[in-house]
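Heavy-atom basis, side chains included; hydrogens, waters and symmetry copies ignored. The first residue in the sequence is number 1, and the count goes up from there.
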Amino acid sequence: MLNAQRSNFQAHPFHLVSPSPWPLFTSISLLSLTTTAVLTFHGFSNSYYFLWISLFTLVFTMSLWFRDIISEGTYLGNHTSAVQRGLNMGVALFIVSEALFFVAIFWTFFHSALSPTVELGGMWPPLGIAKLNPFELPLLNTVILLSSGITVTYAHHSLIQGNRSGALYGLLYTILLALIFTGFQGVEYSVSSFTISDGVFGSCFYFGTGFHGLHVIIGTAFLAVGLWRLLAYHLTDNHHLGLESGILYWHFVDVVWLFLFISIYYWGS
């Protein structure tokens with residue numbers, strides 16, 4: 001009887017993940033999303049319908065996957081201190097990989113900007129591209145995004161100190177500032193005098209700022225889930241790994257925008 005009881009307990013602090021269909025479904029959704037996106041870019045008839053279906057499927061399957069992870073960490077007690085250290089390392093390595101992705105974008109930009117070819121007119125920005133004024137909407141967006149970094153840090157420290165209302169308001173203000181930033185970025189795109197097809201400058205500008213905007217949207221969703229979990233009393237002052245990962249991701253988004261503003265908006269113009 002005693003041996004049977006002992007067999008119910010683990011002899012290690014790590015989490016042996018139960019079989020789950022969501023990683024496979026997420027991979028299939030990602031493959032479908034990229035394939036339909038390429039077909040849409042090349043103008044295949046009705047391919048955008050499948051693009052939206054793939055996007056919905058991806059969000060749906062990832063939501064179910066994250067639901068299971070939240071249950072494991074909140075209700076089942078599987079996220080021990082050893083598991084949390086591993087998850088923190090995984091998030092840190094993920095952010096490093098994202099940073100290297102943006103390094104490639106900056107590399108492309110400076111490769112063309114520091115030595116403009118004859119096709120670009122030997123000048124940067126290339127001939128025919130209207131220079132951007134970095135001290136108008138880009139500067140306002142910079143202030144907004146840096147302010148969101150302050151409010152999310154305030155929310156984090158409030159949670160650690162047991163100040164629930166401060167954490168809630170800090171996260172709420174951060175999400176609002178993020179939505180305003182995204183809206184202003186859309187306004188900037190709508191009034192811009194060039195497009196992504198206008199040479200290497202347009203490609204670098206829209207690829208860099210567009211992917212940063214995508215990261216802002218993902219980070220906003222990340223923090224919104226953290227706000228919901230905080231409202232549902234899932235998080236404590238010493239056990240809030242999901243929110244902490246979202247905050248770290250948000251600081252990464254802030255730093256990338258500073259490099260974008262200095263290099264593409266200010267120096268590049």
Side-chain angles (χ1 to χ4, degrees), residues 1-34 54-101 152-153 155-164 167-168 170-171 174-175 214-253:
M1 183 67 179
L2 183 59
N3 291 333
Q5 290 177 348
R6 286 178 177 173
S7 64
N8 293 328
F9 296 96
Q10 291 185 170
H12 56 80
F14 303 104
H15 176 209
L16 300 179
V17 182
S18 302
S20 172
W22 309 128
L24 176 61
F25 289 166
T26 300
S27 300
I28 295 173
S29 300
L30 284 170
L31 176 61
S32 176
L33 180 66
T34 54
S54 302
L55 180 61
F56 172 79
T57 306
L58 175 65
V59 173
F60 181 70
T61 53
M62 290 189 69
S63 299
L64 294 176
W65 190 2
F66 292 160
R67 178 205 60 180
D68 292 347
I69 296 175
I70 290 173
S71 298
E72 292 167 356
T74 306
Y75 304 115
L76 302 180
N78 291 325
H79 288 181
T80 62
S81 57
V83 174
Q84 290 185 61
R85 285 195 299 271
L87 290 173
N88 275 326
M89 184 180 297
V91 171
L93 291 175
F94 168 72
I95 291 177
V96 169
S97 70
E98 292 290 289
L100 294 176
F101 173 81
V152 79
T153 302
H156 190 200
H157 284 278
S158 297
L159 180 59
I160 293 174
Q161 296 168 4
N163 181 5
R164 174 177 167 80
L168 287 171
L171 280 177
T174 303
I175 293 170
L214 179 63
H215 283 71
V216 170
I217 294 172
I218 295 172
T220 305
F222 213 157
L223 295 178
V225 172
L227 177 62
W228 168 76
R229 294 189 65 195
L230 188 59
L231 285 169
Y233 292 92
H234 288 182
L235 309 178
T236 64
D237 56 347
N238 58 4
H239 197 289
H240 49 272
L241 177 65
L243 178 60
E244 194 171 32
S245 300
I247 292 171
L248 184 62
Y249 185 85
W250 194 254
H251 288 313
F252 162 73
V253 169

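- Closest non-hydrogen pair, A82 versus F14, comes out as CB-CE2, 3.9 Å.
- Side-chain atoms of S32 do not come within 3.5 Å of backbone N or O of I28 as any donor-acceptor pair.
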Next item on the list: Begin from the C-alpha positions of T26 and L30 and carry the test side-chain contact (heavy atoms from CB on, under 4.5 Å) through to its verdict.
Entry: CA-CA 6 Å; T26 300; L30 284 170; 4.2 Å; yes

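- The line from CG of N88 to CG of L93 is 11.0 Å long, rounded to the nearest 0.5 Å.
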Next item on the list: Determine, step by step, whether V91 and E244 satisfy the side-chain contact (heavy atoms from CB on, under 4.5 Å) criterion, reporting the C-alpha distance in whole Å, the side-chain angles of both residues, the deciding distance to 0.1 Å, and the verdict.
Entry: CA-CA 10 Å; V91 171; E244 194 171 32; over 6 Å; no

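- Annotation: side chain to side chain contact (heavy atoms under 4.5 Å, CB included) contacts of V83 (sequence neighbours excluded): H15, H79, T80, L87.
- Partners of F66 according to the side chain to side chain contact (heavy atoms under 4.5 Å, CB included) rule, which considers only residues two or more places apart in sequence or in another chain, are M62, I69.
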List, one per line, each side-chain donor-acceptor pair under 3.5 Å for residues 222-232, sequence neighbours excluded.
unit_1	atom_1	unit_2	atom_2	d
R229	NE	H234	ND1	3.4
R229	NH2	T74	OG1	2.7

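- For F60, the CZ atom is loosely surrounded, since the number of other residues' heavy atoms within 6.0 Å does not exceed 12.
- More than 12 heavy atoms of other residues, nucleotides or ligands sit less than 6.0 Å from atom OH of Y249.
- A distance of 8.5 Å separates OH of Y75 from CD1 of I70, quoted to the nearest 0.5 Å.
- One distance of note links NE2 of H156 with CG of L248; it measures 9.5 Å at 0.5 Å rounding.
- Considering only heavy atoms from C-beta on, D68 stays 4.5 Å or farther from L64 through its side chain.
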Next item on the list: Output, in order, the C-alpha distance, side-chain angles, deciding distance and verdict of side-chain contact (heavy atoms from CB on, under 4.5 Å) for H240 and I160.
Entry: CA-CA 9 Å; H240 49 272; I160 293 174; 4.1 Å; yes

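- A distance of 7.5 Å separates CG in N78 from OG in S18, rounded to the nearest 0.5 Å.
- Shown here are the side chain to side chain contact (heavy atoms under 4.5 Å, CB included) partners of L33, two or more places apart in sequence or in another chain: L51, S54, L55, L58.
- Here the CH2-CG distance, from W250 to L243, works out to 13.0 Å after rounding to the nearest 0.5 Å.
- Atom CD1 of residue I247 and atom CG of residue L159 lie 7.5 Å apart, to the nearest 0.5 angstrom.
- E72 meets the side chain to side chain donor-acceptor pair (under 3.5 Å) test with no other residue; sequence neighbours excluded.
- Residues that satisfy the side chain to side chain contact (heavy atoms under 4.5 Å, CB included) test with F252, not counting sequence neighbours, are I95, E98, A99, F102, H215, V256.
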